[in-house]
Trainee: 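What follows is a structure written as C-alpha cells; I'll ask about it next.
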Amino acid sequence: EPDLRAELRDCYGQVQRMFAPMAFLYDLRTHGGIAHAPSMGGVSTAARELGLPTRGWHRTDYLTLLARVQESVEAMGVHLASAAQVVVDGLPTDSG
C-alpha cells in the first residue's frame with residue numbers, strides 16, 4: 001500500500017539520521033587506519049555525509065562530532081525507554 005510504503009520510508013530515514021554519527025564512527029574505524037589500512041577517500045565520504053569537513057579538522061570539528069554522537073545516543077535511549085514502557089504496559093496484569 002502506498003501509505004504504508006511512505007511511512008516505512010520515513011521511518012527508515014529517521015533511523016538512518018539518528019544512527020548517522022554512529023555509522024561515521026564505524027566508517028572512521030574502517031577507513032581511518034584503526035582496524036584496516038587507511039582510506040582517506042572513505043573517511044572523507046563519511047565525514048561529508050555527516051556534514052563535517054572532509055579534511056583539515058580543527059578542535060571544534062571533533063567537538064561537533066562528539067555532540068552529534070551524544071545526541072544520537074540520547075535519542076536511541078529515549079526510543080529504547082519508550083519501547084520498554086510499551087512492553088511493560090502491554091504485559092497482562094495479575095487480576096488476582
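Residue indices begin at 1 and follow the sequence shown.
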Trainee: How would you list, by chain and number, every residue that makes a side-chain contact (heavy atoms from CB on, under 4.5 Å) with T54, sequence neighbours excluded?
Mentor: S44, R48
Trainee: Can you list everything that forms a side-chain contact (heavy atoms from CB on, under 4.5 Å) with V78? Sequence neighbours excluded, please.
Mentor: S82
Trainee: From M22 CE over to M76 CE, what is the distance, rounded to the nearest 0.5 angstrom?
Mentor: 4.5 Å
Trainee: Are V15 and Y26 connected, step by step, through hydrophobic side chains (Ile, Leu, Val, Met, Phe, Trp, Tyr) whose heavy atoms are closer than 4.5 Å?
Mentor: no
Trainee: Taking side-chain contact (heavy atoms from CB on, under 4.5 Å) as the definition, give me every residue that meets it alongside Q16, ordered by chain and number, with sequence neighbours left out.
Mentor: Y12
Trainee: Considering only distance and modelled atom types, tabulate donor-acceptor pairs under 3.5 Å from the side chains of residues 62-69, sequence neighbours left out.
Mentor:
from : atom 1 : to  : atom 2 : distance (Å)
T64  : OG1    : T60 : O      : 2.8
R68  : NH1    : L50 : O      : 2.3

Trainee: Locate the shortest heavy-atom distance separating W57 from A47; write the atom from each residue and the value.
Mentor: CZ2-CB, 4.3 Å
Trainee: Does any non-hydrogen side-chain atom of Q70 lie less than 4.5 Å from one of V73?
Mentor: no
Trainee: What residues form a side chain to side chain donor-acceptor pair (under 3.5 Å) with E1, not counting sequence neighbours?
Mentor: none
Trainee: Kindly write out the residues that satisfy side-chain contact (heavy atoms from CB on, under 4.5 Å) with R5, not counting sequence neighbours, or none if the list is empty.
Mentor: R9
Trainee: Checking the side chain of D61 only, and the main-chain atoms of H58 only, is there a donor and an acceptor separated by less than 3.5 Å?
Mentor: yes
